Amino acid sequence: MEKTTIESLGQFADKQVTLEGWLYNSRASGKVQFLIIRDGTGLCQCIIEKDKVSDELFEQLGHLGQESSLAVTGLVRADERSVGGYELAVTDAKIIASATDYPITPKSHGIDFLLKQRHLHLRSQGQWCIGKIRHTVIDAIRRFFNDNGFTLVDTPILTAAAGEEEQSLFEVDYFGEPLFLTQTGQLHLESAAMSYGKVYCFGPTFRAERSKTRRHLTEFWMVEPEVAFIELVGLLELAENFVSSIVARVLKDNKSQLESIGADIPALEKITPPFYRLTYTEACEILTSQRAKDFLAGQLEKFKNQKQQIESRIAQLEEEQKGQIKQWKRDKNAAELIELRSELAEVDTKIENNPKHAQLAAEFRWGKDLGGSDETIISQMHDKPIFVTHYPKQAKAFYMKTDRSNENVVLNFDCLAPEGFGEIIGGSIREDDFDRLVTRIKEQNLKQENYEWYLDLRKYGSVPHGGFGLGVERTVAWITGQKHIRQCIPFPRMMDKVYI
RNA sequence: UCCCCGAUAGCUCAAUCGGUAGAGCGAGCGGCUGUUAACCGCUAGGUUGUAGGUUCGAGUCCUACUCGGGGAGCCA
């Protein structure tokens, strides 16, 4: 009997095959059982009719627990009613290991519970889809740079010099001397760019920031390209082509996964160059403008309407529950009430945060860095990614090149994913003038002796150059429509919390 | 470091003014030949996060602690 996988069932229509996998869900209806099997490549509904198998097997399969492993043999047939378009009419099955009391049921669970069961949660459909998309994103990243003349350069994970600020680094005892886990490969990458021209590094990155939000992990994956002989305009074009190519690849390779997790496919199809371009000063004007005020007020209205609708529906259901109604209706109502109450809690949070964010935006003054909520507002006001460029010098790192036509700002950019997701890229043109760089190092009270090798790059054939870093988990979260990036890495490391 | 919210059955959540602790899912048993989170009937399942306090009486009020969620700052 030919073994195959669920994703290639289409090649075996009307043939006998064997599938090996795990029981994902099952239903029974007297003389027929429906077993949903997962094998790592997809889901397949297997039909067991009582008179097609032995009584003993029928009985065993009928009591098989979720996530039991098994091999099933049967006839492949196309059927629209089935999940993947094909189903298996089972003639024989072998239980490899039966499981009982699998903790993750097909119903809803809280996040803490799921993270504690992370080793098992990875098997569930949503996580499987996100993992497949993450795989495509990473492959698309490598493909893009490899196809465009970039050379991969692996930068060290243990670093002596701090990339930016030392308080956000994890310290490691390196034979009695302190070293730090890298938070960027950029400085090393700049030296490699002077060798190869166009380079990139791709690996894990570590930040000891005490940030407990949906956008933060302490360990995450970042890809950083660095290019010699490039100006800000060229860097933005590189970034928008890059991001667009990733989205296009996911749309091409993972349509079914995107659909399955409810991603906004039409919105993703709009992600093509050019992206929006705003200067920091323009962004600042938008935040303090009447337009932003109206926009936020409109949002608040919308949230309040949602809240009212949910509340009146809850009241209606609760009233029904008090009266004399059929048991099945009562059960349906109970399930809907639970859904509605959690929706209500979400809307309440939005209503609570809206005025705070509005105030932060209205009080925004030129010179401050853009905050998370400010980025969210700007991003919510656009349907494509936005580049925000030319930030105030004092809010940014020492290595960013000052704009020679306006010494108050630097030639940097952030790329904000649209519809409220926020920052996925940060980048800049690097200061290439030796004396200016020394001045910036001193201004920020950094020790020059730690940067001697970095300054050498400006001594020996300095050229205009720049690059950026893209966060993989933030990109995956944006593309898949996940609210929290912890679902976008298999084993998330969060502030003060590591489950497995 | 700061602000807000929460902890009740294995899981997700109810419990009005402080007055006998309840649903759904999951589990077990039974029924049904096409189910899509199937459906129907029955059964089991609880020291309400921990430690104190107020009260005739505490899931509910007060204090402390533990754990968790969201957000600010900072950032990919």
Side-chain angles (χ1 to χ4, degrees), chain A residues 24-36 43 45 47-51 63 65-66 79 81-83 87 100-117 125 164-165 167-168 183-184 205-224 314 318 321 326-328 330-342 345-346 348-350 352-353 356-357 360 368-376 395 397 414-415 417 422-427 468-478 483-485 494-497:
Chain A
Y24 191 66
N25 199 1
S26 68
R27 289 177 285 276
S29 183
K31 306 272 188 318
V32 62
Q33 293 170 6
F34 304 92
L35 305 188
I36 310 285
L43 294 177
Q45 173 161 277
I47 316 301
I48 297 113
E49 292 178 71
K50 193 163 169 50
D51 52 6
H63 290 89
Q66 194 186 345
D79 194 314
R81 292 171 294 187
S82 221
V83 198
E87 59 179 27
T100 50
D101 299 320
Y102 186 68
I104 304 178
T105 66
K107 299 283 174 167
S108 67
H109 298 278
I111 188 62
D112 184 46
F113 176 78
L114 289 177
L115 286 173
K116 281 177 180 155
Q117 310 291 338
Q125 257 322 271
E164 293 169 35
E165 289 168 46
Q167 73 267 20
S168 64
Q183 63 165 358
T184 171
T205 248
F206 307 88
R207 306 255 168 116
E209 292 154 0
R210 301 186 72 78
S211 303
K212 233 173 71 173
T213 82
R214 66 185 64 192
R215 308 187 295 284
H216 287 89
L217 296 169
T218 54
E219 175 184 304
F220 63 97
W221 285 68
M222 181 161 73
V223 59
E224 298 175 89
I314 288 178
E318 282 178 340
Q321 296 295 72
K326 295 243 170 73
Q327 187 59 41
W328 69 266
R330 188 178 296 279
D331 296 347
K332 284 273 183 244
N333 286 354
E336 191 180 345
L337 275 170
I338 285 171
E339 290 271 313
L340 287 171
R341 286 199 179 100
S342 86
E346 251 177 66
D348 270 335
T349 310
K350 285 181 188 167
E352 195 191 321
N353 285 334
K356 290 185 203 162
H357 293 169
L360 281 170
K368 262 177 59 184
D369 204 349
L370 247 45
S373 63
D374 304 318
E375 289 180 345
T376 306
D414 279 353
C415 178
E423 183 174 354
I424 55 170
I425 289 180
F468 58 83
L470 172 124
V472 169
E473 291 76 16
R474 285 189 179 180
T475 304
V476 173
W478 162 54
K483 284 182 198 141
H484 205 301
I485 67 172
M494 289 157 294
M495 182 191 128
D496 289 343
K497 193 158 21 105

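Chain letters run A, B, ... following the sequence lines, proteins first and then strands; every chain starts at 1. As the structure is a prediction and not an experimental result, all values here were calculated from the model.
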**Q** Within this structure, what is the CD1-OG1 distance for the pair A/Ile425 and A/Thr475, rounded to the nearest 0.5 Å?
**A**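 Atom-to-atom, A/Ile425:CD1 and A/Thr475:OG1 are 7.0 Å apart.
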**Q** Could you grab the distance from atom CD of A/Gln33 to atom CD1 of A/Ile47, nearest 0.5 Å is fine?
**A**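 Here the interatomic distance stands at 10.5 Å.
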**Q** With the side chain of A/Ala28 defined as its heavy atoms from C-beta on, choose the nearest nucleotide among B/A76, B/C74, B/C32.
**A**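 Out of B/A76, B/C74, B/C32, the nucleotide with an atom closest to A/Ala28's side chain is B/C32.
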**Q** If you round to the nearest 0.5 Å, how far is CZ of A/Arg474 from CZ of A/Arg215?
**A**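 With rounding to 0.5 Å, CZ (A/Arg215) is 6.0 Å from CZ (A/Arg474).
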**Q** Would you mind reading off the distance between A/Ile111 atom CD1 and B/C5 atom P, rounded to a whole angstrom?
**A**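 About 22 Å, once rounded to whole Å.
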**Q** So how far is it from A/Leu35 CG to A/Glu87 CD, rounded to the nearest 0.5 Å?
**A**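 Rounded to the nearest 0.5 Å, the CG-CD separation comes out at 12.0 Å.
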**Q** How far does the C1' atom of B/A38 sit from the matching atom of B/U33, given to the nearest Å?
**A**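 My reading of the C1' atoms in B/A38 and B/U33 gives 14 Å.
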**Q** Choose from B/U33, B/C11, B/A72 the nucleotide whose nearest atom is closest to any side-chain atom of A/Ser29.
**A**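 Comparing B/U33, B/C11, B/A72 against the side chain of A/Ser29, the answer is B/U33.
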**Q** Classify the nucleic acid contact of A/Gly65 as base, sugar-phosphate or nothing, counting any heavy atom under 4.0 Å across all strands shown.
**A**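 Touches nothing.
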**Q** Base, sugar-phosphate, or nothing for A/Asp369, non-hydrogen atoms under 4.0 angstrom?
**A**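 If one applies the 4.0 Å heavy-atom cut-off, A/Asp369 turns out to touch the sugar-phosphate alone, with no base involved.
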**Q** When we call it a touch if two heavy atoms are under 4.0 Å apart, what does A/Ser211 touch: a base, just sugar-phosphate, or nothing?
**A**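 Since a base atom lies under 4.0 Å of A/Ser211, the category is base.
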**Q** Under 3.5 Å, sequence neighbours excluded: what are the donor-acceptor pairs made by side chains of residues 25-32 of chain A?
**A**
none

**Q** Just call it for A/Lys212: base, sugar-phosphate, or nothing, with non-hydrogen atoms closer than 4.0 Å on any strand.
**A**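 Here A/Lys212 touches the bases of the nucleic acid.
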**Q** Is A/His63 close enough to B/C29 that one of its side-chain N or O atoms is under 4.0 Å from OP1 or OP2 there?
**A**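 It does, given that an N or O in the side chain of A/His63 lies less than 4.0 Å from OP1 or OP2 of B/C29.
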**Q** Please figure out whether A/His109 or A/Asp101 has its closest RNA chain B nucleotide nearer the 5' end.
**A**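 Checking each residue's closest nucleotide, the 5'-ward one belongs to A/His109.
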**Q** If you look at every heavy atom in A/Trp221 and A/Glu473, which pair is closest and at what distance?
**A**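 Nearest pair, atom of A/Trp221 first, then A/Glu473: N-OE1, 3.1 Å.
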**Q** Which value, in whole Å, describes the distance between the P atoms of nucleotides B/A23 and B/C61?
**A**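 The same atom, P, in both gives a distance of 24 Å.
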**Q** We want to know whether A/Gln66 and A/Thr105 form a side-chain donor-acceptor pair, criterion being a heavy-atom distance below 3.5 angstrom.
**A**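 The criterion, which ignores hydrogens and geometry beyond distance, is not satisfied for A/Thr105 and A/Gln66.
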**Q** Tell me the interatomic distance from A/His484, atom NE2, to B/G68, atom C1', rounded to whole angstroms.
**A**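 Rounded to the whole Å, the gap is 12 Å.
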**Q** Counting only distance, no hydrogens or angles, is the base of B/G34 paired donor-acceptor with the side chain of A/Glu87 under 3.5 Å?
**A**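 Donor-acceptor pair under 3.5 Å: yes.
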**Q** Taking only the C1' atom of each, what is the distance from B/A37 to B/G30 in whole angstrom?
**A**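 Each nucleotide's C1' atom is 22 Å from the other's.
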**Q** Quote, to the nearest angstrom, the P distance that separates B/G22 from B/C65.
**A**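 That atom pair is separated by 34 Å.
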**Q** Counting only side-chain heavy atoms from C-beta out, which of B/A72, B/U33, B/U35 sits nearest to A/Glu49?
**A**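 Side chain of A/Glu49 sits closest to B/U33.
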**Q** Given that A/Asp414 and A/Val32 both sit by RNA chain B, which one's nearest nucleotide is further toward the 5' end?
**A**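 Nearest nucleotide further toward 5': that of A/Val32.
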**Q** Between atom CD in A/Glu375 and atom C1' in B/A72, what is the gap in whole Å?
**A**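 Checked: the CD to C1' distance equals 14 Å.
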**Q** Using atom C1' of each nucleotide, how far apart are B/U55 and B/G18 to the nearest Å?
**A**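 Going atom to atom, C1' in each nucleotide, I get 9 Å.
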**Q** Of the candidate nucleotides B/A72, B/C11, B/G70, which contains the atom at the shortest distance from the side chain of A/Phe113?
**A**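 The listed nucleotide nearest to A/Phe113's side chain is B/C11.
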**Q** Base, sugar-phosphate alone, or nothing: which one does A/Thr100 contact when heavy atoms must sit under 4.0 Å apart?
**A**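 If one applies the 4.0 Å heavy-atom cut-off, A/Thr100 turns out to touch nothing in the nucleic acid.
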**Q** Could you tell me whether B/C17 is syn or anti, where syn means a glycosidic angle within 90 degrees of zero?
**A**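 Base orientation relative to the sugar is syn.
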**Q** Once Watson-Crick and G-U wobble pairs under 3.5 Å are found, how is RNA chain B written in dot-bracket notation, 5' to 3', with | for any base paired to another strand?
**A** (((((((..((((.....[..)))).(((((.......))))).....(((((..]....))))))))))))....
**Q** Stepwise, does the side chain to side chain contact (heavy atoms under 4.5 Å, CB included) test hold for A/His357 with A/Thr376?
**A** CA-CA 9 Å; A/His357 293 169; A/Thr376 306; over 6 Å; no
**Q** Does A/Arg27 make a side-chain N or O approach to OP1 or OP2 of B/A38 shorter than 4.0 Å?
**A**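 For B/A38, OP1 or OP2 has a side-chain N or O of A/Arg27 closer than 4.0 Å.
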**Q** Measure from CD on A/Glu209 to P on B/A76 and round the result to the nearest Å.
**A**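 Checked: the CD to P distance equals 8 Å.
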**Q** Check every strand shown and say whether A/Leu217 touches a base, only sugar-phosphate, or nothing at a heavy-atom separation below 4.0 Å.
**A**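 Base contact.
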**Q** Check the phosphate of B/U35 against A/Asn25, side-chain N and O only, distance under 4.0 Å to OP1 or OP2. Yes or no?
**A**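 So the side chain of A/Asn25 is outside the cut-off, no N or O lying under 4.0 Å from OP1 or OP2 of B/U35.
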**Q** Remember a base hit wins even if backbone is also touched, and classify A/Gln45 as base, sugar-phosphate or nothing at under 4.0 Å, heavy atoms.
**A**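 The residue A/Gln45 makes base contact.
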**Q** Could you work out which one of B/U33, B/A72, B/A76 sits closest to the side chain of A/Asp51?
**A**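 For A/Asp51, the side-chain atoms sit closest to B/U33.
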**Q** Rounding to an integer number of Å, can you tell me how far A/Asp112 CG sits from B/G6 P?
**A**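 To the nearest whole Å, that distance equals 17 Å.
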**Q** Are the side chain of A/Arg207 and the backbone N or O of A/Gln183 linked by a donor-acceptor pair below 3.5 Å?
**A**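 The answer is yes, because a donor-acceptor pair under 3.5 Å joins these two groups.
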**Q** May A/Phe220 be described as stacking on the base of B/A76, applying a 5.5 Å centroid limit and a 30° limit on plane angle?
**A**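 Yes.
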**Q** I want to verify a distance call: between B/G73, B/A37, B/G70, whose nearest atom is closest to the A/Thr213 side chain?
**A**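 The answer is B/G73, which lies nearest to the side chain.
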**Q** Rounded to whole Å, how long is the line connecting atom CD1 of A/Ile485 with atom C1' of B/A76?
**A**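 It works out to 8 Å between those atoms.
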**Q** For B/G59 versus B/G49, give the span between their C1' atoms, rounded off to a whole number of Å.
**A**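 Nearest-Å result for B/G59 against B/G49 at atom C1': 12 Å.
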**Q** Between C1' on B/G71 and CG on A/Asp374, what's the gap in Å once rounded to a whole number?
**A**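 Computing the A/Asp374:CG to B/G71:C1' distance gives 14 Å.
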**Q** Rounded to the nearest 0.5 Å, what separation is found between the CE atom of A/Met494 and the OG1 atom of A/Thr218?
**A**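 Result: 8.0 Å between the selected atoms.
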**Q** Calculate the interatomic distance between A/Phe34 atom CZ and B/U36 atom C1'; express it in whole Å.
**A**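 Nearest whole value for this atom pair: 9 Å.
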**Q** Which whole number of Å gives the distance between the P atom of B/C62 and that of B/G6?
**A**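 One P to the other, the span is 11 Å.
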**Q** If stacking means aromatic ring centre less than 5.5 angstrom from the base's six-membered ring centre, planes under 30°, is A/His216 stacked on B/C75?
**A**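 Yes, the aromatic ring of A/His216 stacks with the base.
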**Q** For A/Glu219, answer base if it contacts any base atom (sugar-phosphate contacts may also be present), sugar-phosphate if it contacts only those atoms, and nothing otherwise; contact means non-hydrogen atoms under 4.0 Å.
**A**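 Result for A/Glu219 = nothing.
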**Q** First locate atom CD1 of A/Ile104, then atom NE2 of A/His109, and finally report the distance between them rounded to the nearest 0.5 Å.
**A**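 Output value for this atom pair is 6.5 Å.
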**Q** Can a side chain N or O of A/Arg214 be found less than 4.0 Å away from OP1 or OP2 on B/G71?
**A**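 Checking B/G71 against A/Arg214, a side-chain N or O does come within under 4.0 Å of OP1 or OP2.
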**Q** For atom C1', what is the distance between B/C25 and B/C67, given to the nearest Å?
**A**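 Per the computed distance, 25 Å lies between those C1' atoms.
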